[in-house]
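Every heavy atom of this structure was used, including side-chain atoms; hydrogens, water molecules and symmetry mates were not. Fair warning: this is a prediction, and the values are worked out from it, not measured in the lab.
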Amino acid sequence: MIGLFERLARPFLHALDPEDAHSLTIKMLACAPLPRAAGDDKRLAVRAFGLNFPNPIGMAAGFDKNAEVPDALLRLGFGFVETGTVTPLPQRGNPRPRVFRLNADRGAINRLGFNSQGAEAVLRRLAARANAGGIVGINIGANKDAADRVADYVRLIERFAPVASYVTINISSPNTPGLRNLQQAGALDDLLARVIDARERVTRRAGPTPLLLKIAPDLSLAELDDAVGIARARRVDGMIVGNTTLTRPASLREMKIAKEAGGLSGRPLLPLATRMLAETYVRVESAFPLIGVGGIDSGTAALGKVRAGASLIQLYSALVFRGLGLVAEIKSALLSALERDSLDSLSELVGADAAAVTAEAWPG
Ligand SMILES: Cc1cc2nc3c(=O)[nH]c(=O)nc-3n(C[C@H](O)[C@H](O)[C@H](O)COP(=O)(O)O)c2cc1C
């Protein structure tokens with residue numbers, strides 16, 4: 001039913017400005033009586049960060065920034081939902097237009113700049129569903145005008161750790177000037193020391209909440225060495241690789257839209273994001289699990305992420321072009337891969353191709 005509804009709605013949504021289409025989609029998800037997706041095959045279950053995921057496919061951050069529809073997304077078959085990015089205080093983000101579709105490339109460029117209803121509104125919604133079950137994480141970011149950005153992350157961890165399944169520290173959005181500098185060694189070490197400390201304080205009253213670090217696919221390999229080394233030394237629970245890219249691959253066809261400032265996502269991001277995932281995997285040496293995100297638009301792409309080192313995956317942009325049916329398609333592709341090799345669990349495939357991927361020519 002949802003498939004038919006979507007097929008009818010998609011041409012209409014595509015005729016709208018991308019941001020208007022997105023707001024309308026959130027409204028529809030908030031009020032439509034959604035059928036619950038079929039239960040997941042046990043072989044798709046993943047245990048990571050101390051959590052039990054029914055399947056490895058997550059909704060990436062940015063779709064449900066204000067935690068308005070996490071339960072609708074879980075019903076539709078996602079194994080987990082990452083809400084946010086949320087900032088401490090409400091902020092509007094950059095002036096519109098700020099989201100662009102690259103139809104011929106099956107990609108998107110956004111420069112939203114952390115538009116957020118702010119911590120209080122999001123916290124109320126997550127607290128109201130905290131006992132509803134399902135894995136719902138929160139992705140946190142600093143306000144653009146914050147005098148002390150690290151203090152913003154500390155504050156948000158203190159507020160959200162008790163109501164979220166996990167918390168992602170997002171220092172990789174390209175649309176808040178200077179934010180990505182927090183990925184540099186000295187700044188990152190200071191940030192992680194303070195946020196881990198905040199997490200430990202909250203753990204005493206709320207229990208342990210996994211902390212994940214989301215990085216940009218645009219780090220140099222030397223910067224990645226530092227980031228992974230610090231993440232391991234500070235004992236984060238996992239990393240997400242990665243956010244949108246500021247690069248513009250030579251293969252892009254929508255040349256005019258490609259000139260828009262902002263982060264590129266969707267299919268054109270797949271080679272770079274998968275390469276960075278594999279590079280991260282070989283450096284992490286199984287110290288913690290990785291979430292692979294960037295350009296997944298098919299079962300093959302999803303399996304490629306797992307084989308490059310992802311224990312879990314997330315997606316966003318492809319839903320605009322492929323619709324929600326993609327989630328079921330990826331599940332059956334992953335199950336077929338397991339059957340082909342007579343395997344009982346995806347964990348046996350995680351990282352199988354990581355070394356080979358890092359030996360390929362750098363994606364251009
Ligand atoms: C419109 C849009 C908004 C996004 N907002 C956020 C965000 O608030 N926080 C974040 O960490 N990532 C955000 N992202 C990045 C996605 O979570 C994801 O890392 C990226 O889009 C790559 O995945 P994809 O190719 O499947 O879209 C956003 C992406 C898009 C397209």
Side-chain angles (χ1 to χ4, degrees), residues 47-52 61 65-67 70 80-91 114 116-173 176 179 181-215 226-240 284 287-291:
R47 183 159 172 86
F49 327 125
L51 302 172
N52 292 316
K65 282 181 186 270
N66 298 299
F80 65 112
V81 176
E82 186 164 316
T83 59
T85 296
V86 63
T87 54
L89 301 174
Q91 62 176 32
F114 285 172
S116 171
Q117 291 176 7
E120 289 315 312
V122 176
L123 193 65
R124 258 197 313 277
R125 292 188 193 114
L126 288 184
R129 63 137 338 264
N131 298 320
I135 296 182
V136 178
I138 180 78
N139 176 306
I140 62 173
N143 276 117
K144 184 175 175 214
D145 299 327
D148 178 355
R149 284 189 169 155
V150 176
D152 273 13
Y153 288 94
V154 166
R155 223 165 104 200
L156 289 171
I157 283 172
E158 288 168 350
R159 304 301 308 276
F160 281 95
V163 298
S165 305
Y166 67 87
V167 178
T168 299
I169 299 153
N170 178 12
I171 47 172
S172 49
S173 165
T176 295
L179 190 86
N181 296 341
L182 287 171
Q183 295 176 123
Q184 302 303 319
L188 181 62
D189 192 49
D190 176 54
L191 170 74
L192 289 186
R194 287 172 64 188
V195 298
I196 296 274
D197 191 50
R199 194 267 302 267
E200 297 317 312
R201 278 197 306 277
V202 189
T203 297
R204 272 173 240 139
R205 62 186 159 87
T209 306
L211 273 191
L212 313 185
L213 182 67
K214 184 168 180 179
I215 61 170
D226 287 344
V228 171
I230 293 164
R232 289 181 63 171
R234 292 284 174 198
R235 294 174 175 276
V236 303
D237 297 279
M239 285 174 68
I240 304 182
V284 167
F288 45 68
L290 302 177
I291 301 181

Check against side chain to side chain contact (heavy atoms under 4.5 Å, CB included), R232 and F288: CA-CA 8 Å; R232 289 181 63 171; F288 45 68; 3.8 Å; yes

Main chain of L89, side chain of N143: is a donor-acceptor contact present, judged purely on distance under 3.5 Å? yes

Do R149 and T176 have side-chain heavy atoms sitting under 4.5 Å apart? yes

Hey, could you give me the CD1/CG distance between I138 and L123, rounded to the nearest 0.5 Å? 9.0 Å

For the atom pair CZ (R199) and CD1 (I157), what is the distance rounded to the nearest 0.5 Å? 8.5 Å

I'd like to check L191 versus Y153 (side-chain heavy atoms, cut-off strictly below 4.5 Å). Are they in contact? yes

Could you go step by step and tell me if L188 and D226 meet the side chain to side chain contact (heavy atoms under 4.5 Å, CB included) rule? CA-CA 9 Å; L188 181 62; D226 287 344; over 6 Å; no

What are the two closest heavy atoms between A142 and L179, and how far apart are they? CB-CD1, 4.4 Å

Just wondering, are more than 12 heavy atoms of other shown residues or ligands nearer than 6.0 Å to CG in N52? yes

CD1/I171 to CD/Q184 distance, rounded to the nearest 0.5 angstrom? 9.5 Å

Checking R129 side chain against G133 main chain: does a donor-acceptor pair fall under 3.5 Å? yes

With a 4.5 Å heavy-atom cut-off, do P210 and L51 have their side chains touching? yes

F80 and I291: side chain to side chain contact (heavy atoms under 4.5 Å, CB included), yes or no, with the steps? CA-CA 12 Å; F80 65 112; I291 301 181; 4.1 Å; yes

Which heavy atom in G141 sits nearest to a heavy atom in P88, and how many Å separate them? O-CD, 3.4 Å

Could you tell me whether the side chain of I215 reaches within less than 4.5 Å of the side chain of M239, counting heavy atoms only? yes

With rounding to the nearest 0.5 Å, note down the distance linking CD in Q117 to CZ in R125. 4.5 Å

Any side-chain heavy-atom pair of T87 and D152 under 4.5 Å: no

So, do V122 and F160 sit near enough that their side-chain heavy atoms are less than 4.5 Å apart? yes

If you define the side chain from C-beta out and look only at heavy atoms, does anything of S116 sit under 4.5 Å from T85? no

Do V86 and N66 have side-chain heavy atoms sitting under 4.5 Å apart? no

If you round to the nearest 0.5 Å, how far is CG of L156 from CD1 of I140? 5.0 Å

I need the minimum non-hydrogen distance between G134 and S165, along with the two atoms involved. O-OG, 3.8 Å

Which is it for T203 and T209 under the side chain to side chain contact (heavy atoms under 4.5 Å, CB included) test, yes or no, and what are the steps along the way? CA-CA 7 Å; T203 297; T209 306; 6.0 Å; no

Tell me if a side-chain donor or acceptor on Q91 pairs with a main-chain N or O of F114 at a distance below 3.5 Å. yes

Work out which heavy atom in E158 is nearest to a heavy atom in R205; give both atom names and the distance. O-NH2, 4.0 Å

Above 12 or not: heavy atoms from other molecules or residues under 6.0 Å from CZ of R201? yes

L126 CG to T83 OG1 distance, which is reported to the nearest 0.5 Å: 4.5 Å

